[in-house]
2 protein chains.
Amino acid sequence: MKYAKIYKDALLDDVIPFWEQYSLDSEHSGYFTCLDSQGNVFDTDKFTWLQGRQAWMFSLLYNQVEAKSSWLNIAKSGIDFLENHAKDSDGNFYFSTSREGSALVQPYNIFSDCFAAMAFAQYAKATNDEAYSALARDTYHNILNKQHNPKGIYEKSTGNRQLKGFSLPMILSNLVLELEHILEKEEIEQTLDQCIKEITNDFLDSSLGIIRENVELDGSPSDTFQGRLINPGHGIEAMWFLIDIGVRRQDKSLIELAAKTIITTLEYSWDKEFGGIFYFMDIKGHPLLQLEWDQKLWWVHLETLVALTKAMEHIDDHRLRDWYTKVHQYSWDHFPDPKYGEWYGYLNRQGEPLLELKGGKWKGCFHVPRAMYQCWKTFERIENKQ
Amino acid sequence: MKYAKIYKDALLDDVIPFWEQYSLDSEHSGYFTCLDSQGNVFDTDKFTWLQGRQAWMFSLLYNQVEAKSSWLNIAKSGIDFLENHAKDSDGNFYFSTSREGSALVQPYNIFSDCFAAMAFAQYAKATNDEAYSALARDTYHNILNKQHNPKGIYEKSTGNRQLKGFSLPMILSNLVLELEHILEKEEIEQTLDQCIKEITNDFLDSSLGIIRENVELDGSPSDTFQGRLINPGHGIEAMWFLIDIGVRRQDKSLIELAAKTIITTLEYSWDKEFGGIFYFMDIKGHPLLQLEWDQKLWWVHLETLVALTKAMEHIDDHRLRDWYTKVHQYSWDHFPDPKYGEWYGYLNRQGEPLLELKGGKWKGCFHVPRAMYQCWKTFERIENKQ
């Protein structure tokens with residue numbers, strides 16, 4: 001079977017039906033994401049990241065795959081929940097709420113806002129409703145206003161050691177393209193310039209060729225727990241964001257740099273004993289704070305498949321193809337659940353399910369279907385060229 | 001060999017020499033705790049929990065084992081660091097500082113204060129210096145003032161779901177006895193009454209016989225991630241605090257309840273496949289948020305050895321002896337490092353070292369030597385009776 005068909009079939013016949021069947025809260029709007037391996041709801045709390053991500057996903061399916069009204073209705077349910085329950089009076093997004101929409105955890109996490117903005121923008125495209133464009137734009141500008149102090153009053157650092165984190169420039173490099181139909185062209189290009197500069201100059205370690213999660217404000221390395229931290233899946237995911245930007249700008253050297261970084265990161269982070277990509281590493285090989293460092297996570301492997309696929313579309317390098325084969329085999333052998341559908345999220349180092357869940361506080365309807373959509377479409381282009 | 005001698009020898013010939021040799025910061029006072037398996041310092045940040053705990057440990061050795069001036073000097077170094085660098089102007093304790101003593105993480109964690117108070121009190125006993133008694137007393141009263149909002153302005157919960165946590169009443173039940181020579185008798189007894197009541201009425205699940213980590217304010221169970229959480233090591237550790245209180249009060253029924261709870265918790269949390277005690281469990285068997293749930297941690301096993309030893313001293317029950325044999329064998333087979341000394345902190349589910357460290361952000365000079373001291377002294381009494 002061709003790869004495009006594998007991903008298309010898994011997306012449309014397994015993954016999306018799973019979330020359609022089990023995740024909808026028809027009573028209070030929004031989605032249940034805490035689903036056990038069979039799809040049973042084991043907790044009803046709602047996490048704003050995952051509400052935004054699922055509303056985005058179903059809006060995207062409606063916009064890009066098929067204009068099914070059921071998909072738009074599912075998207076609307078999450079959009080309604082975000083708008084009515086997840087937003088505070090200043091336009092910040094709570095981290096979590098109860099099923100009914102009572103705020104539980106304060107807006108300390110700027111990525112809640114990022115995924116809400118993504119959802120509003122994609123939903124605005126689906127509905128041509130200017131109100132959602134405005135909501136996306138306002139949320140995006142609020143993110144920019146908060147970007148240098150994203151946790152606000154909930155920041156526990158004293159400020160005596162100022163490091164900057166990779167997550168925000170990484171997300172912005174993707175988010176700004178998600179809002180392309182809403183923002184001014186000049187604003188988009190300026191933000192992209194800034195993101196590319198920070199990612200390639202500051203976070204990409206030029207001698208090792210891998211991304212650091214945290215660096216000094218001037219981009220120099222920091223020999224601290226945070227400064228030594230490597231999150232291989234994060235670095236690789238960012239590389240497909242850069243490839244998208246490189247394609248948009250016809251910047252071949254940016255695509256080449258991204259492809260090279262994907263390869264270097266995989267060589268660095270592949271578990272030679274059990275297979276799979278480590279979750280966290282220390283750049284000096286020191287013990288980590290993260291007790292989950294050796295686990296194999298669904299999103300790490302899916303984002304790597306997307307990144308390799310996009311790199312292969314533009315760069316002819318056998319190392320990309322070899323790594324694709326290796327990561328594909330590991331991922332498809334270990335993560336999918338042939339019995340109840342969808343993918344396990346968390347495997348132990350040995351590759352066995354560590355948690356019997358399909359969704360939880362951090363895993364929702366996002367990385368699995370987004371990666372499948374991306375790989376399907378990219379392989380379709382690759383295979384049509386052959 | 002008798003058990004008392006095993007623990008005494010390990011304490012005095014292995015564990016304490018390890019910390020004496022590798023952890024002392026003679027330049028800036030205080031202790032390095034991030035030590036790799038050989039004892040090399042791999043990070044110099046100072047975590048207040050561990051500064052307090054090590055200063056307490058060396059003060060205790062001086063007070064209870066031998067009045068060696070080198071031990072008092074080591075204690076003093078940590079006391080100086082706590083007093084000069086870890087305390088803010090309101091008497092709260094930062095969570096962490098740089099090696100030199102520059103505050104890094106704000107006082108969001110009340111347990112920093114608890115371990116500082118313990119250290120000051122034990123050091124006051126060693127030195128007969130009223131200044132440290134006053135510091136211990138002030139810190140203790142500050143803890144009481146903060147106990148209903150321990151994170152202060154750093155609290156991220158909105159307050160719409162109010163649960164109470166087990167940690168604070170648990171720690172207080174031990175801390176108040178550590179400060180026995182400093183506080184008024186009436187205050188001690190009132191605090192003990194309150195702790196026993198909360199632990200046995202609210203947190204001990206009467207039908208299951210195990211401790212819940214979080215319950216509703218009125219003690220009823222909460223079917224939420226926090227409310228379903230079981231931390232078996234925590235529950236068992238608290239039981240030896242209760243046994244100490246039971247001994248002090250000659251309350252045999254309290255000792256019996258504690259012994260029963262130790263057994264129930266071990267039956268519930270023992271890993272029947274690989275041995276060892278799980279780190280976290282969900283009382284309904286649902287997937288956990290804690291990715292490290294199946295790991296085997298040093299402190300869990302050491303506190304269980306202490307609890308079983310203390311229970312055996314007072315209760316004649318073969319189940320306690322059987323569990324002691326089982327936990328002893330697992331712990332001594334898996335945690336000690338015969339090559340470089342001390343104990344590994346973190347094993348994977350299979351019982352292999354997950355992190356090659358002897359100390360870090362959370363593991364310092366505390367659970368290993370405290371448990372060895374406690375088991376040594378308790379077995380000495382048991383063996384002398386035989």
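In the text below, chain A, chain B and the rest are named by the order of the sequence lines, each starting its count at 1.
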Heavy-atom proximity to chain A below 4.5 Å, by part of [X]:
X      : result
B:E356 : backbone
B:L289 : side chain
B:W362 : neither
B:E155 : backbone
B:F42  : both
B:R349 : neither

Checking [X] side chain against [Y] main chain: does a donor-acceptor pair fall under 3.5 Å?
X      : Y      : result
A:W293 : B:L355 : no
B:T158 : A:Q106 : no
A:N160 : B:S102 : no

Only pairs of heavy atoms separated by less than 4.5 Å count here; which of [options] has the most with chain A?
options                        : result
B:F225, B:Y346, B:Y154, B:Y279 : B:F225
B:E292, B:Q290, B:H286         : B:H286
B:G360, B:G159, B:P287, B:C34  : B:P287

(message) Closer than 4.0 angstrom, basic N to acidic O: yes or no for B:K284 and A:D43?
(response) no

(request) Any chance you could measure A:L297, atom CG, to B:L291, atom CG, to the nearest 0.5 Å? (result) 6.5 Å

(request) Among the options A:L104, A:T44, A:T97, pick out the one with the most heavy-atom pairs lying under 4.5 Å from chain B. (result) A:L104

